[in-house]
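Structure first, then comments.
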2 protein chains.
Amino acid sequence: MTDSPKKSASSLCERQALAQPCPIRDVLDRIGDQWSLLVLDALAPGRRRFNEMLREIGDVSRQMLSRTLKQLEQDGFITRTAYPEVPPRVEYALTDLGRSFQAPMGALVAWADEHHRAIVEARQRYLAGAGG
Amino acid sequence: MTDSPKKSASSLCERQALAQPCPIRDVLDRIGDQWSLLVLDALAPGRRRFNEMLREIGDVSRQMLSRTLKQLEQDGFITRTAYPEVPPRVEYALTDLGRSFQAPMGALVAWADEHHRAIVEARQRYLAGAGG
DNA sequence: TCCCATGGTCCAGTTTTTAGACCTTTGGCA
DNA sequence: TGCCAAAGGTCTAAAAACTGGACCATGGGA
């Protein structure tokens, strides 16, 4: 085939040909990183403080948690409320937008839960057959 | 520290306290990287060759595409078929497992599409208010 | 008085990702 | 006959991202 340009339209953008990035690529850049989903999930039950999330997630570094929270706040998924106390208290909570994201995230989690076994098995098969 | 165990049960794992990682963390580690979702999506319409995907995704490096494909194959999302031709031809395609993943991914994409505007607005609000 | 806790930031060292050269083999073209 | 292109990767060096831990300011408790 001669590199026909008729790449059957995919749901995600084929490329950000235009300066304007496509919605999905744009969103994926945020929630597709290592921590965003975990953070969003940690906030699902309710508001949380910084160190609380740090402990809860467990393997996220302060810097990444800080950065992730900042980005999620920037994109309107969460709110940040700082109380002028000593020691300082800062609480993070989901916005309506953030809560609305729980539906697709839930679908993802459910899928993962349901198919985890199949994945583990595939992995073992692969290692048995190709990797040793 | 007493490490109180009363962290309100979240849908994602709180921590991989046990050697056995929780399903979701495990799955997220794979599809939560920079490229997996894009690759999976590129394969949604049908089988694809390596360089084809490289061009289609556009901003993925050869190495990362190669690595991502290998991992997705390892986890049973896709198959790799090499034809003994010259120049070599290798085709990648979704497995049943991979196809089953399109549902939750679709939910994610739909959400992104629907809420992209809100996100962009939130971002602008944030910049206007806090960043300059 | 000293230390801890809070929410971050900063720094240095490590890991991951990138861009680009390179590999192998055969066909097309001059 | 000689040279380049194409395919699907791999390798390397440099850039970027991430990590762990120190550090900041402040007030309460030991």
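Every chain is numbered from 1, with letters handed out A, B, ... down the list of sequences. It should be emphasised that the depicted structure is a prediction, and the values quoted were computed from it without experimental measurement.
A heavy-atom distance below 4.0 Å to DNA chain C is reached by these residues of residues 78-87 of chain A, ordered by number: A/R80, A/P87.
Comparing the axis of the opening five pairs of the helix from C/dT1-D/dA30 to C/dA30-D/dT1 with that of the closing five pairs yields an angle of 30°, rounded to 10°.
Between A/W111 and B/F77, the angle of the ring planes lies from 30° to 60°, which puts this pair in the tilted group.
When DNA chain D is scanned in the 5' to 3' direction for atoms under 4.0 Å from non-hydrogen atoms of chain A, the outermost contacting nucleotides are D/dC18 to D/dG27.
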Counting primed atoms, P, OP1 and OP2 as sugar-phosphate and everything else as base, the B/S/- map of nucleotides 10-18 of chain C against protein heavy atoms under 4.0 Å is BB-----SB

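Atom CZ in B/R89 sits roughly 18 Å away from atom C1' in C/dT24 (whole-Å rounding). Between the CE atom of A/M53 and the C1' atom of C/dG7 there is a distance of 13 Å, rounded to whole Å. The distance between atom CG of A/N51 and atom P of C/dC4, rounded to the nearest whole Å, is 15 Å.
Residue pairs satisfying the salt bridge (charged side-chain N to carboxylate O under 4.0 Å, His left out) criterion with at least one member in residues 91-102 of chain A, sequence neighbours excluded, are listed as follows: A/R47-A/E91, A/R89-A/E91, A/D96-A/R99.
Here the closest non-hydrogen pair linking B/G76 and B/T95 is O-OG1, 2.6 Å. When all heavy atoms of A/M105 and A/L37 are compared, the closest pair comes out as SD-CD2, 3.6 Å. Across all non-hydrogen atoms, the minimal contact from A/A42 to A/P45 is O-CD, 3.3 Å.
Using a 4.5 Å heavy-atom cutoff, the side chains of A/D59 and A/W35 are in contact. A heavy-atom distance below 4.5 Å is not found between the side chains of A/Y92 and A/L72. Looking at B/L54 and B/I57, their side chains never come closer than 4.5 Å, going by heavy atoms from C-beta outward.
Expressed to the nearest 0.5 Å, how far CG of A/L40 lies from CG of A/L69 amounts to 10.0 Å. Within the model, atoms CZ of A/R48 and CD1 of A/I78 stand 13.0 Å from one another, a figure rounded to the nearest 0.5 Å.
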| request: Might you work through the side chain to side chain contact (heavy atoms under 4.5 Å, CB included) test for A/I119 and B/R30, ending with a clear yes or no? | output: CA-CA 10 Å; A/I119 291 173; B/R30 278 302 141 87; over 6 Å; no

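Between the side chain of B/T68 and the backbone N or O of B/M64, at least one donor-acceptor pair lies under 3.5 Å.
Mapped onto DNA chain D by nearest heavy atom, A/P88 and B/S66 fall at different nucleotides, with B/S66 at the one closer to the 5' end.
Under the side chain to side chain contact (heavy atoms under 4.5 Å, CB included) criterion, A/Q63 pairs with A/S61, A/R67, not counting sequence neighbours.
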